[in-house]
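Data first, discussion second: the structure below is written as structure tokens.
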Amino acid sequence: MNSSIKTEPTVFIIFGGTGDLTSRKIAPALYNLFLDGWLPAQYSIIGTGRTKFTDEQFSENLLKDINQFSRSGKADPKKWAEFSKNIHYQVSDINDFETYKEFGKRVEEHNTEWKTQANVIYYLAVSPNFFPIIASNISKAKLAEDPDRVRIVIEKPFGHDLETAKELNKLLSGIFNECQIYRIDHYLGKETVQNIMAFRFANSIMEPLWNRNYIEHVQISVTEQLGVEERGDYYDGAGAMRDMIQNHLLQLLCHIAMEPPVSFNADEVRNRKVDVLKAMRRFGPDDVRMSAVRGQYASGWMQGKEVPGYREEPKVDPESNTETFAAVKFFVDNWRWQNVPFYVRTGKRMHQSASVITIQFKDVPHLIFPTEAAESWQQNRLIISIQPEMSIRLQVQAKRPGLDMVLNTVDMVFDYKGTYTTQPPEAYETLILDTMLGDQTLFMRGDQVEAAWELIMPILSTWQTKKSLNFPNYSADSWGPESAEALIARDGFNWFTLPISKK
Ligand code: BG6
């Protein structure tokens with residue numbers, strides 16, 4: 001633990017305390033923050049849900065979750081006993097105003113016991129339909145009065161489109177100051193994503209090359225082997241564009257394309273990201289046809305197991321028009337990036353699970369080597385691997401040892417595993433700690449979310465009005481539909497085969 005950073009007494013109230021996100025992410029993150037000494041001496045975790053539980057039953061459930069999902073493995077009984085003393089549960093109906101009065105009482109009890117005014121974090125790990133009613137009731141019960149101490153964490157999806165995102169922003173900003181609102185995009189908490197900024201802005205050697213003069217194109221690829229599985233009810237109303245591109249992939253793009261902020265201050269960093277989103281080229285209906293591709297997976301085999309097609313997944317419309325794959329060619333119209341294409345793609349049931357950003361540099365201006373020497377010639381590439389491998393590799397040409405002059409591609413690699421012995425924190429640990437510290441750098445600001453929606457709305461509208469007649473159009477365990485290959489091939493490029501194959 002960094003001793004210069006101190007968290008203050010905190011009451012952490014989780015709406016959706018018995019839900020999947022709490023089990024898999026929030027509870028393990030809180031426990032690991034405790035193990036690493038980041039939680040304050042005085043804290044209280046209050047889970048809330050409709051099911052009746054005693055504090056002990058709730059805490060036992062969390063223990064099971066932590067044993068299953070925590071990166072630190074099974075909980076140590078002594079540590080657990082210490083940690084779980086501060087776990088509570090309150091059965092609640094989030095539509096009922098009385099519930100909120102009860103929270104108010106609990107916070108007051110803690111304040112009296114701790115002889116201080118604690119920070120209060122309301123974590124909304126619930127379906128987005130409930131965001132408005134919870135926020136309104138918090139306000140009605142006068143639980144959001146102190147902007148320095150009260151914070152609200154909102155999970156994605158933040159809105160279903162530009163209009164609903166604006167409505168939600170309006171409602172929240174009528175109750176909270178922007179500095180109290182923590183909109184989660186969990187990609188921003190990933191160690192390797194944070195490192196993009198360190199790589200770009202803590203080193204001087206990249207900046208002179210980081211522009212249209214040296215970079216030919218950029219590829220951002222986030223592919224998953226998993227299908228939609230149990231999340232059909234949410235996913236069928238969303239699709240890959242809303243679920244992944246509007247948030248995670250556009251944020252990755254912003255990290256690559258942003259100008260250097262003047263400091264590592266939350267608003268400075270977010271201002272520069274908004275600049276990128278605003279500079280992105282808008283799509284007209286014809287551009288959508290040429291620049292965006294959608295796909296939906298068919299049944300097939302993955303790693304020796306037969307898997308259903310998207311339309312056969314539970315809670316999915318058997319005639320669904322929802323895309324499980326999307327690829328888009330974006331441009332950032334500014335001095336740094338004019339006419340450099342940014343190709344992004346994401347999909348489920350793909351051949352490999354990997355999130356990778358590849359920056360391909362321009363070719364040398366003149367090749368001095370004989371053709372035979374350069375048969376496996378490749379332009380320089382910088383490959384930022386976010387997961388499962390965590391690395392940055394720079395691919396350069398080198399002379400293969402021997403008496404003749406033959407060039408081949410070699411990697412200069414920074415690999416987390418080989419460099420550090422400590423296990424990196426999970427994204428949720430970083431984000432929850434930042435919420436406690438009041439640091440919004442890794443959270444989405446209201447205007448950022450709206451700018452991202454605004455950019456993709458023409459694609460969503462076109463896709464909604466024009467049903468895709470060829471769905472399903474890619475098989476499980478493939479690289480997506482052929483039209484995605486055509487999208488990039490038209491410009492003379494191809495999607496890079498990802499160098500890592502794990503998970
Ligand atoms: C979530 C999406 O935001 O991100 C999921 O809703 C997706 O559909 C997930 O699977 C991917 O996150 P990660 O961290 O596993 O890459």
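Order of appearance sets the numbers: ligands from 1, and atoms from 1 within every ligand. FYI, the numbering just counts along the sequence from 1.
- Between Glu454 and Lys166 there is no salt bridge, since no side-chain nitrogen of the basic residue lies less than 4.0 Å from a carboxylate oxygen of the acidic one.
- For the pair Lys348 and ligand 1, the shortest N or O to N or O distance falls below 3.5 Å.
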>> I'd like to know whether Glu229 forms a salt bridge (Lys or Arg N to Asp or Glu O under 4.0 Å) with Arg349, so could you lay out the CA-CA distance, the side-chain angles of the two residues, the decisive distance to 0.1 Å, and finally the verdict.
In response: CA-CA 10 Å; Glu229 313 203 319; Arg349 283 274 184 252; 3.7 Å; yes
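- Residue nearest to atom 2 (C) of ligand 1, selected from Val228, Asp243, Thr346, Ile386: Asp243 (by heavy-atom distance).
- When the options Lys25, Lys156, His186 are ranked by their closest heavy atom to atom 4 (O) of ligand 1, first place goes to His186.
- Aromatic ring centroids of Phe330 and Phe342 lie 6.0 Å or more apart.
- For ligand 1, the atoms closer than 4.0 angstrom to any heavy atom of Lys190 are 13 (P), 14 (O), 16 (O).
- Contacts between Tyr187 and ligand 1, counted as non-hydrogen atom pairs separated by less than 4.0 Å, involve the side chain only.
- Residue His248 has at least one nitrogen or oxygen atom sitting less than 3.5 Å from a nitrogen or oxygen atom of ligand 1, judged on distance alone.
- Of all the heavy atoms in Phe493 and Pro341, the pair that sits closest is CE1-CG, 4.3 Å.
- Counting only residues at least two apart or on different chains, the salt bridge (charged side-chain N to carboxylate O under 4.0 Å, His left out) pairs with a member in residues 216-225 are Glu224-Lys348.
- Here atom 5 (C) of ligand 1 lies nearest to Arg231 when heavy atoms of Glu426, Arg231, Arg242 are compared.
- Aromatic ring centres of Tyr474 and Phe325: separated by under 6.0 Å.
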